[in-house]
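One structure is given below, encoded as structure tokens.
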Amino acid sequence: MTTTTPASRAARLLSRPIALGGLTVPNRIVMAPMTRMFSPGGVPGEDVRSYYARRAAAGVGLIVTEGTYVGHDSAGQSDRVPRFHGEEQLAGWAKVAQDVHAAGGTIVPQLWHIGMVRQQGEAPYPEAPAVGPSGLVTAGAEPTGKAMTQQDLDDVVAAFAQAAADAERIGFDGVELHGAHGYLLDQFLWEGTNRRTDGYGGDPVARTKFAEEIVAAVRAKVSPDFPILFRYSQWKQQDYKARLAETPQELEAILSPLAAAGVDVFHASTRRYWLPEFDDSGLNLAGWTKKITGKQVISVGSVGLDGDFVKAFQGQGSPVKGIDNLLDRMEAEEFDMVAVGRALLQDPEWAAKVLADRFDELKPYDADALKTLS
Ligand SMILES: Cc1cc2nc3c(=O)[nH]c(=O)nc-3n(C[C@H](O)[C@H](O)[C@H](O)COP(=O)(O)O)c2cc1C
């Protein structure tokens, strides 16, 4: 009888290619989007190129870039976050895509509008107001920004669609729409920040209308097989305990219109992938997303983050946080791909080590990794 070690099972399950729309991704490991603020003037430079290319060369199948602002004056607030509009900025991004492809990887930009999280008066558009569905930054807050007019909504929809068209034109493999973590799209999805009464607020279906219009506008501007990923979360950076949906039925009301509008892949953002989402099942948020929509789904949250994960490769450590739990879920097809954030930020070789059974070389995460773009 041959025995299968946890290690070789990891390599087998994670190294399978997958087709997302017209794109073939060489394996199941995704780099999670991570804002790094190393792009002065909003232009990703040579260091950003090599940061991503290094990870593609070392086995990451699909890179989701850090959030990058769409072309709307209120979309962002930092001049060091890369922008996805403007000649110089897009030229920088085109080179990032080229380098990632040359290294054997695939890449999508994460298109971002921060909405009410913007603190007024910062670069690159100091005069622009913070905007959102109702001018609220979090549940129960007093309005501190502008409730968006129909014109504002139309402008932002157009900005996302233009950014997606540009992504395809300059050589990216798809786009991810940032609908998570309490930023603009999520401010519409979440009733805590969406108090509108005009068809964009109210029940979950109405609160989804704005994101749905963005997906449909993007779909109309790109090729039919150009993959659209949509990232969403229950948690908000304003409130980790907030939830969009208390039941699978409420989640379905949000996800179904998005799927129908053209989303190919959902990226269900959780902080710990092993936690069940609703009471009556062990499925995590990604698992429920796949069950509800039938679409391909990426899971994420604390993969490879602590010593337990490393030890579990060697048959010790927590069975919950370790690799076996993740692989069981992948084997059961609970979700299709797994995104890795901080572990990959720290170690560009993380994917190569996992795919080649070099588990002894994995190291626990250290927050010092945030300081550089290595
Ligand atoms: C430094 C940093 C920046 C992040 N920036 C983004 C971002 O721009 N967009 C996004 O959707 N998530 C962002 N995230 C969340 C990550 O994509 C990911 O969901 C989270 O870190 C959990 O994965 P991990 O436990 O593997 O790190 C960021 C996380 C970190 C640590």
Side-chain angles (χ1 to χ4, degrees), residues 14 28-39 42 44 48 51-52 55 60 62-70 75-78 80-84 107-115 117-118 163 175-187 189 211 229-238 240 265-275 284-286 289 297-310 320-323 325-326 335 337-348 350-351 354 362-374:
L14 293 171
R28 304 300 175 106
I29 300 178
V30 178
M31 180 173 180
M34 281 176 289
T35 295
R36 301 307 315 275
M37 305 182 80
F38 283 92
S39 299
V48 175
Y51 163 77
Y52 287 121
R55 284 154 179 84
V60 172
L62 173 66
I63 288 170
V64 181
T65 72
E66 61 206 287
T68 171
Y69 300 147
V70 296
Q77 65 178 357
S78 168
R80 293 183 62 80
V81 167
R83 304 203 272 281
F84 213 81
I107 183 165
V108 302
Q110 188 190 48
L111 304 180
W112 192 20
H113 192 305
I114 70 174
V117 173
R118 176 180 161 92
V175 287
E176 177 169 285
L177 308 178
H178 194 342
H181 305 168
Y183 296 107
L184 182 65
L185 274 57
D186 197 24
Q187 288 158 22
L189 297 176
L229 287 65
F230 189 95
R231 191 171 221 220
Y232 83 99
S233 62
Q234 297 265 41
W235 67 273
K236 322 289 160 213
Q237 55 101 34
Q238 300 92 322
Y240 280 174
V265 180
F266 284 100
H267 191 169
S269 172
T270 51
R271 296 168 61 231
R272 298 179 188 87
Y273 73 84
W274 58 85
L275 295 181
N284 72 9
L285 186 65
T289 302
V297 179
I298 303 169
S299 189
V300 64
S302 300
V303 173
L305 257 203
D306 62 17
D308 272 333
F309 188 91
V310 177
V320 175
K321 299 186 203 167
I323 188 77
N325 184 308
L326 179 72
F335 42 78
M337 304 182 82
V338 61
V340 180
R342 287 164 288 177
L344 251 176
L345 187 154
Q346 160 159 312
D347 184 358
W350 189 91
V354 169
L362 294 173
K363 297 206 172 56
Y365 174 69
D366 180 339
D368 270 357
L370 292 170
K371 293 180 187 156
T372 63
L373 199 61
S374 55

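Position 1 is the first residue of the sequence; numbering continues from there. Counting convention: from 1, in listed order, for ligands and their atoms alike.
By heavy-atom distance, the residue among M31, Q346, M34, R231 lying nearest atom 12 (N) of ligand 1 is R231. By heavy-atom distance, the residue among A339, A32, S302 lying nearest atom 24 (P) of ligand 1 is S302.
Atom 26 (O) of ligand 1 has its closest protein heavy atom at G341 N, 2.8 Å. Among all non-hydrogen protein atoms, the one lying nearest atom 9 (N) of ligand 1 is Q110 OE1, 2.8 Å. Summary of contacts: the protein heavy atom closest to atom 5 (N) of ligand 1 is T35 N, 2.8 Å. Among protein heavy atoms, the minimum distance from atom 23 (O) of ligand 1 is reached at V300 CG2, 3.7 Å.
With rounding to the nearest 0.5 Å, the separation of CZ in R272 from CG in N284 is 13.5 Å. If you take CE on M31 and CG on L344, they are separated by 6.0 Å, rounding to the nearest 0.5 Å. Interatomic distance, D347 CG to L362 CG, rounded to the nearest 0.5 Å: 7.0 Å. A distance of 7.5 Å separates OG in S302 from CZ in R271, rounded to the nearest 0.5 Å. Atom-to-atom distance recorded for D366:CG and K371:NZ is 8.0 Å, nearest 0.5 angstrom. To the nearest 0.5 Å, atom CZ of residue R231 and atom CG of residue D186 are 11.5 Å apart.
Listed here is the closest heavy atom pair of K236 and Q234: NZ-O, 2.9 Å.
For the residue pair Y69 / S78, no side-chain donor-acceptor distance below 3.5 Å is found, with atom types taken as modelled. For the residue pair Y52 and E66, a side-chain donor N or O sits within less than 3.5 Å of a side-chain acceptor on the partner.
Between P33 and ligand 1, an N or O atom pair is found at a separation short of 3.5 Å. The distance criterion of under 3.5 Å between nitrogen or oxygen atoms is met by R342 with respect to ligand 1. Checked by distance only, ligand 1 and G67 come closer than 3.5 Å through their nitrogen or oxygen atoms. In terms of polar-atom proximity, defined here as any N/O pair under 3.5 Å, L370 makes no such contact with ligand 1. When only interatomic distances are considered, the shortest N/O to N/O separation between W112 and ligand 1 does not fall below 3.5 Å.
Residue contacts with ligand 1 leave out A343, since none of its heavy atoms falls under 4.0 Å from the ligand.
Relative ring orientation between F266 and F230 is described as perpendicular, the plane-to-plane angle rising above 60° on a 0-90° scale split at 30° and 60°.
Those atoms of ligand 1 that come under 4.0 Å of a heavy atom in H181, given as number and element, are 10 (C), 11 (O), 12 (N). Using a 4.0 Å cut-off to heavy atoms of H178, the atoms of ligand 1 that qualify are 9 (N), 10 (C), 11 (O).
Within a 4.0 Å radius of atom 20 (C) of ligand 1, the protein contributes no heavy atom.
At a heavy-atom distance under 4.0 Å, no atom of R271 approaches ligand 1.
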